[in-house]
Amino acid sequence: MSVATRPALSILLTSWNTREQTRLCLQSLADTADADLDYEVIAVDNASRDGSAELLAGWPGVDLIRNERNLGFAAAVNQAYRRSRGEVILVLNSDVRFHPGALARMLAFLREHPQAAGVSPLYLNLDGTFQQHYIQLPSFPAALALVTVLRRVPGFRRALHTFQMRGQDFSRPRRLASGSCLMVRRHILEPDAIFDERFPIYWNDALLVRRLDRAGHQIWMIPDAVVDHVRGASCRLLGPAIRYRHLLGGLVAYLRLTQPRHRVTLFRCVVLADHLVKLLCGRPVQLTLPDLRAALCADVGPLPDGDTRDWLIVFTRSAWPEPQARAAADRRTPQGDRLLLVDPPAARINRRSRVTTLTDARWQFTPPTLLPFGNRMPFVDRINRRVAAGAVRRWLDRQSGVRLLRLDDHRAGCVRGRLGEDEVLPASAPVLVEQREPV
């Protein structure tokens with residue numbers, strides 16, 4: 001293809017620490033694309049540390065932009081868009097895998113339906129089941145139900161189910177969109193940007209669909225173009241606190257742009273009240289109070305650049321370096337994961353927590369002890385353990401990575417659900433990282 005030739009299709013691929021998913025995506029793209037299809041692939045890697053950039057750099061036909069830090073999904077897409085030349089643009093996540101013929105069917109739909117401005121495929125989970133992954137613009141009640149206990153109130157629950165499109169028919173073409181695999185005509189987009197970079201991860205696609213819809217542009221989903229989608233392969237690496245702060249902060253920013261001021265104020269008050277009631281009732285919450293206040297001001301916080309390995313959090317029966325704690329550390333740990341060993345509360349009052357680095361993949365956490373004699377009084381021990389869980393969570397909330405909780409000490413059962421963990425593992429079963437599927 002000569003430099004002067006404009007390709008028919010520009011594929012904008014974003015990547016952040018999903019090397020294996022990226023490889024499968026590129027392979028499926030090569031398998032599904034017709035030999036005579038003139039397309040270009042522009043990939044942006046957001047400072048991955050797992051070899052994703054090296055994979056992309058060596059893949060035939062990929063034009064790679066390597067960022068020195070994580071700029072977020074929206075900014076990465078815009079970078080690739082500004083370098084692209086195609087008349088049709090495909091925004092593509094690295095965790096998507098094309099079924100045979102999917103790309104050709106999406107292009108054919110645009111050729112056969114000139115009134116259609118864009119098209120998305122049908123999503124399947126890796127097990128072949130249907131995946132509901134489309135954009136339905138959130139109403140104000142749906143936004144409240146999404147992030148508070150109001151989801152249990154019938155009217156709000158219906159609004160949330162409408163937003164999530166539960167029980168709807170996806171067996172025929174319909175007007176829908178998804179930012180994970182979205183093919184659009186270039187002329188309907190702004191000249192320099194596709195997504196609003198004030199929304200680094202979440203809600204940028206909803207804002208785009210809202211703008212296109214208001215301009216009279218139709219975005220469709222067609223069920224005969226099929227892809228597999230891991231869903232959240234990169235986002236899960238952020239860790240639950242960072243992920244939720246981006247979700248909530250982005251939603252507040254979206255409401256600021258789409259709702260009257262009094263509704264935004266009401267939304268903030270309801271979310272804050274929901275958080276405080278959960279704290280008073282001893283229920284786990286997803287953010288600390290300072291992070292919640294920041295999110296309610298539409299401050300999503302920085303994106304992580306550093307270590308994104310999973311965390312295996314082990315509540316041990318005895319403090320390191322006692323034999324039982326050493327045994328917990330020496331048991332088979334998922335390869336490439338980080339191990340956080342949490343000591344049991346001490347017998348005496350200790351107001352401070354301490355984190356000790358043991359190796360480049362192993363840390364010891366000595367939690368605070370609020371009350372004495374917990375080793376003799378079970379109800380005091382439960383209080384101390386919940387205080388310990390809060391301290392561990394505050395420390396983990398500053399780290400990225402999926403959280404896997406293992407309770408080697410049966411007395412630590414009361415911490416379950418208080419660490420924002422993604423998964424709870426059996427105390428006795430060794431776990432290999434290859435056995436876990438991303439979510």
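For clarity, every value in this text was computed on a predicted model and none was experimentally measured.
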### Task
Check side chain to side chain donor-acceptor pair (under 3.5 Å) between R382 and all other residues, then give those that pass, not counting sequence neighbours.
none
Between side-chain atoms of residues 181-189 and protein atoms elsewhere (two or more places apart, or another chain), which donor-acceptor pairs fall under 3.5 Å?
{"from": "R185", "atom 1": "NE", "to": "A116", "atom 2": "O", "distance (Å)": "2.7"}
{"from": "R185", "atom 1": "NH2", "to": "L110", "atom 2": "O", "distance (Å)": "2.5"}
{"from": "R185", "atom 1": "NH2", "to": "H113", "atom 2": "O", "distance (Å)": "3.1"}
{"from": "R185", "atom 1": "NH2", "to": "A116", "atom 2": "O", "distance (Å)": "3.1"}
{"from": "R186", "atom 1": "NH1", "to": "S84", "atom 2": "OG", "distance (Å)": "3.1"}
{"from": "R186", "atom 1": "NH1", "to": "G86", "atom 2": "O", "distance (Å)": "2.9"}
{"from": "R186", "atom 1": "NH2", "to": "S84", "atom 2": "O", "distance (Å)": "3.2"}
{"from": "R186", "atom 1": "NH2", "to": "S84", "atom 2": "OG", "distance (Å)": "3.4"}

### Query
Testing V44, L12, L13, I89 for side-chain contact (heavy atoms from CB on, under 4.5 Å) with V77, which one passes?
L12
### Query
With sequence neighbours left out, what residues match R174 under salt bridge (Lys or Arg N to Asp or Glu O under 4.0 Å)?
none
### Query
How would you list all residue pairs meeting salt bridge (Lys or Arg N to Asp or Glu O under 4.0 Å) that involve residues 111-138, not counting sequence neighbours?
none
### Query
Taking only residues two or more places apart in sequence, or in another chain, which ones meet R403 in a salt bridge (Lys or Arg N to Asp or Glu O under 4.0 Å)?
D397
### Query
Looking at A177 and I219, what are the two nearest heavy atoms and their distance?
CB-CG2, 3.3 Å
#### Entry: Name of the residue among V119, T32, D224 meeting side-chain contact (heavy atoms from CB on, under 4.5 Å) with R105
D224
### Task
Would you please name every residue forming a side chain to side chain donor-acceptor pair (under 3.5 Å) with R263, sequence neighbours left out?
Q259
### Query
Between R406 and E421, is there a side-chain N and carboxylate O pair less than 4.0 Å apart?
no
### Task
Could you tell me which residues satisfy side chain to side chain donor-acceptor pair (under 3.5 Å) with R23, sequence neighbours excluded, listed by chain and number?
E20
### Closest heavy-atom pair and its distance - L370, N384
N-OD1, 3.1 Å
#### Entry: Test salt bridge (Lys or Arg N to Asp or Glu O under 4.0 Å) applied to R351 - qualifying residues, sequence neighbours left out
none
### For N46 against A76, the heavy-atom pair lying closest together
ND2-CB, 3.7 Å
### Summary
side chain to side chain contact (heavy atoms under 4.5 Å, CB included) filter on V226, not counting sequence neighbours, yields H99, L122, L124
### Task
For E68, look at atom CD and say whether over 12 heavy atoms of other residues, nucleotides or ligands are found less than 6.0 Å away.
no
### Least distance between heavy atoms, A53 atom then D45 atom
CB-OD2, 3.6 Å
### Message
Going by side chain to side chain contact (heavy atoms under 4.5 Å, CB included), name the residues that satisfy it together with A388, two or more places apart in sequence or in a different chain.
### Response
P367
### Query
Between D409 and R385, is there a side-chain N and carboxylate O pair less than 4.0 Å apart?
yes
### Residue pair Q168 / Q136: nearest heavy atoms and the distance that separates them
NE2-NE2, 4.5 Å
### Query
What closest approach, in Å, do C25 and S94 show between heavy atoms, and which atom pair accounts for it?
CB-O, 3.4 Å
### Task
Assess the pair F73 and F195: is the distance between their ring centroids shorter than 6.0 Å?
yes
### Query
Charged N to carboxylate O below 4.0 Å: is that the case for D299 and R245?
yes
### Query
With D343, which of T369, T366, T356 fulfils side chain to side chain donor-acceptor pair (under 3.5 Å)?
T366
### Query
Is the shortest distance from a Lys or Arg side-chain nitrogen in D63 or R85 to a carboxylate oxygen in the other one below 4.0 Å?
no
### Task
Given side chain to side chain donor-acceptor pair (under 3.5 Å), test W363 with T357 step by step and report yes or no.
CA-CA 5 Å; W363 288 260; T357 302; 3.3 Å; yes
### Task
List for me each residue that meets salt bridge (Lys or Arg N to Asp or Glu O under 4.0 Å) alongside R175, sequence neighbours excluded, and say none if there are none.
D213
### Task
Quick one: which residue pairs count as a ring-ring contact (aromatic ring centres under 6.0 Å, His included) with a foot in residues 132-158, not counting sequence neighbours?
Y123-H133, Y123-Y134, H133-H229, Y134-F170
